[in-house]
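Accompanying notes for the structure given below.
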Amino acid sequence: MRLAAFIRPIDAFSVVDVKEATVTRYVAKSQSMKAMGKQDFQESKTAVLDFLDDLIGVERGTTQRNAGAAA
């Protein structure tokens, strides 16, 4: 518990989980193309848009095809 209390304030966006004697800190990965690289960025973008397509009940790829039309 002391370790978790110590590392919690390090990053406002991290999640600190304590289970028995194990402390796990989850840190978000930057979603910028510069930080991720082009291939990882594209895979992440596709995964998010596919998730949204499934969530709203449309064919996968619909959101990605229509992304430019809303701008």
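The environment of CZ in Arg65 is crowded: more than 12 heavy-atom neighbours from other residues, nucleotides or ligands sit within 6.0 Å.
Val16 and Met1 fall within the same hydrophobic cluster, defined by Ile, Leu, Val, Met, Phe, Trp and Tyr side-chain heavy atoms under 4.5 Å apart, directly or through other members. In the hydrophobic cluster analysis, where Ile, Leu, Val, Met, Phe, Trp and Tyr join through side-chain heavy atoms closer than 4.5 angstrom, Ile10 is grouped together with Val23.
Taken from OG1 in Thr63 to CG in Asp54, the straight-line distance is 9.5 Å, to the nearest 0.5 Å. Taken from NZ in Lys19 to OG1 in Thr22, the straight-line distance is 9.5 Å, to the nearest 0.5 Å. Distance check: Phe41 CZ to Thr46 OG1 gives 9.5 Å after rounding to the nearest 0.5 Å.
Side-chain atoms of Asp50 never come within 3.5 Å of backbone atoms of Arg60 as a donor-acceptor pair (strictly under, hydrogens ignored). A distance-only check finds no donor-acceptor pair linking the side chain of Ser44 to the backbone of Asp40 [under 3.5 Å].
Side-chain contact check for Met36 versus Glu43: every heavy-atom pair is 4.5 Å or farther apart.
Of the options Asp11, Val15, Asp17, a side-chain contact (heavy atoms from CB on, under 4.5 Å) to Arg25 is made by Asp11 and by none of the others.
Taking all atoms of both residues into account, the shortest heavy-atom contact from Gly61 to Asp53 is N-OD2, 2.7 Å.
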